[in-house]
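Take a look at the structure set out below.
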Number of protein chains: 2
Amino acid sequence: MDDDASIRKVLRFALEKAEFSVIEAENGEVALTLFHSADFIVLDVMMPKMDGIKTCAKIREHSAIPILFLSSQDDEFDRIQGLEIGGDDYLTKPFSPRELVARVKAIFRRTADHQLESTPPDGSEGTIKYGKLALDLKGVIATWDSQVVTITRSEFEILERFIGSPDRAFRRNELMRGQVVSDRTIDSHIGHLRKKFAEVDAVVIDTVHGIGYRLSSCQ
Amino acid sequence: MDDDASIRKVLRFALEKAEFSVIEAENGEVALTLFHSADFIVLDVMMPKMDGIKTCAKIREHSAIPILFLSSQDDEFDRIQGLEIGGDDYLTKPFSPRELVARVKAIFRRTADHQLESTPPDGSEGTIKYGKLALDLKGVIATWDSQVVTITRSEFEILERFIGSPDRAFRRNELMRGQVVSDRTIDSHIGHLRKKFAEVDAVVIDTVHGIGYRLSSCQ
DNA sequence: TTTATATTCTGCAATATTTAGCCAATTTTG
DNA sequence: CAAAATTGGCTAAATATTGCAGAATATAAA
């Protein structure tokens, strides 16, 4: 999904050699109609019709599909901005096709890891743990150091999003399954979570000023 | 991009043999209009219309594209100066075409290495390291020798810019995503960074008088 | 329907960050 | 060495971001 046909050709070749199947879209509008059938997306920051950033935002309203951004060095665009917007990784032109493939594989490894984590082999099915925090996905119960913390469904979903990428800072609109709510609303949920966990002397969420929030170390 | 047509011919031959594609510009002004489509640039220090140094500065206002300088021995221009100004490498005439090609390849290897470094095989994806300095891009956390240093977003972005080209001196206006702010503002950010890193006995930024700043050796 | 609970939003106060002016200290230049 | 240019650190104002207390709305339970 790059505006420059020749780059697309190179990408297609490299990805197909790595046994991915590739669909192309020459601009953001087309991309939006196709992304449902894809496993991941490579977006050029600069695209005709709709730029990569807008396209990413649109996609993120509906889906958490992995997105990798491409940009030229002179695009005045950097990793932070890319991540803020909801990208999973970011690559600057020029890059080697080999590196692109490596990045894509890394994204898959990462998301695959998560999915495995939720059904680990040791019988503790359906619970995800990170430090003292544990989320029971079936019972929708959160515990801290084995003590139950009663939270609502939205609050649980926010924690679920966090625990899926425990080291990552999320922007607000990434935290609620792409539902469009005001930033203050998210703050509100975060506030409630903090208050509830404070009752068991736990700090679960750090704020990342200018970006959003991040799961704390949970120790 | 050399003023002397015969040298250009030799360079073109050597580079094309090494499977690079070459665009020529007979002076700095022309070079400025062409550099967008290039992967790297070879600049002669002495060029008609606009000298190599000025051209490099102009290019550096927009791009971090690799630049290699050529100079004659009697140009009163030395390696240090070339690198400080924003060059990535520097070659004195006379030189063998083979050496030029080797240098160019080295530049590519270096920049590629960097990019790879950000997805190392050990699972610590999304962090860039240089010496004791590490930037966790996803978490937006800076560490020195594994100690967390709390910095703001702009400060983080400045470090990110630095670590992308750790040997290069940057002009102030290159450091903040092209945002137009006064030079004093940059100084201020740099000052804050220095103070914060001083608390863990670290020196992260050197000043390059008359140019701007550069990442320190980070040892 | 009524009641309770959960969710979202609004507006404002509290914080944190960014910016720029000032001037002394430092470095470079002539 | 003196003059000019540049930088560092301080300050304070301007901006931007976040936290929080209701209030309004939606949803579920009784």
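Below, all heavy atoms of this structure are taken into account, side chains as well, without hydrogens, waters or symmetry copies.
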| Looking across every strand, which nucleic acid part, if any, lies under 4.0 Å from T207(B) by heavy atom: base, sugar-phosphate, or nothing? | sugar-phosphate
| note | H192(B) NE2 to dG8(D) C1', in whole Å, measures 11 Å
| query | Can you find a pair of side-chain heavy atoms, one from F162(A) and one from L175(A), that are under 4.5 Å apart? | reply | yes
| task | Say whether, by atom type as modelled, one donor and one acceptor occur between the side chain of S165(A) and the main chain of D167(A) under 3.5 angstrom. | result | no
| said: Quick check on side chain to side chain donor-acceptor pair (under 3.5 Å): which of R171(B), R172(B), E174(B) does Y213(B) satisfy it with? | reply: R172(B)
| request: Answer whether the closest heavy-atom distance between the side chains of F170(B) and I158(B) falls below 4.5 Å. | output: no
| task | Describe the nucleic acid contact of T152(B) in one word from base, sugar-phosphate, nothing, applying a heavy-atom distance below 4.0 Å. | result | sugar-phosphate
| query | How many Å lie between CD1 on I211(B) and P on dT7(D), as a whole number? | reply | 9 Å
| Can you tell me if R194(A) uses its side chain to pair, donor with acceptor, with the backbone of I205(A) under 3.5 Å? | yes
| Reckon Y213(A) has a side-chain N or O less than 4.0 Å from the OP1 or OP2 of dG19(D)? | yes
| query | Between dT7(D) atom P and I186(B) atom CD1, what is the distance in whole Å? | reply | 12 Å
| task | Flag the pair I190(A) / T207(A) as yes when at least one side-chain heavy-atom distance between them is below 4.5 Å, and no otherwise. | result | no
| remark: DNA chain C: first to last nucleotide in contact with chain B (atom under 4.0 angstrom from a heavy atom), 5' to 3', is dT17(C) to dT28(C)
| query | Are S188(A) and T185(A) close enough that a side-chain donor and a side-chain acceptor fall under 3.5 Å? | reply | no
| task | Report the distance from atom CG of L193(B) to atom P of dG8(D), rounded to the nearest whole Å. | result | 12 Å
| task | Let me know which of D145(B), V200(B), T143(B) forms a side-chain contact (heavy atoms from CB on, under 4.5 Å) with K132(B). | result | D145(B)
| task | Give the B/S/- string for nucleotides 20-30 of chain D, one per nucleotide from 5' to 3', where a protein heavy atom under 4.0 Å of the base yields B, of only the sugar-phosphate yields S, and otherwise -. | result | B----------
| said: Do the side chains of R153(A) and E157(A) get close enough for a salt bridge, i.e. N-O under 4.0 angstrom? | reply: yes
| query | Tell me: NE2 of H189(B) to C1' of dA16(D), nearest whole Å? | reply | 13 Å
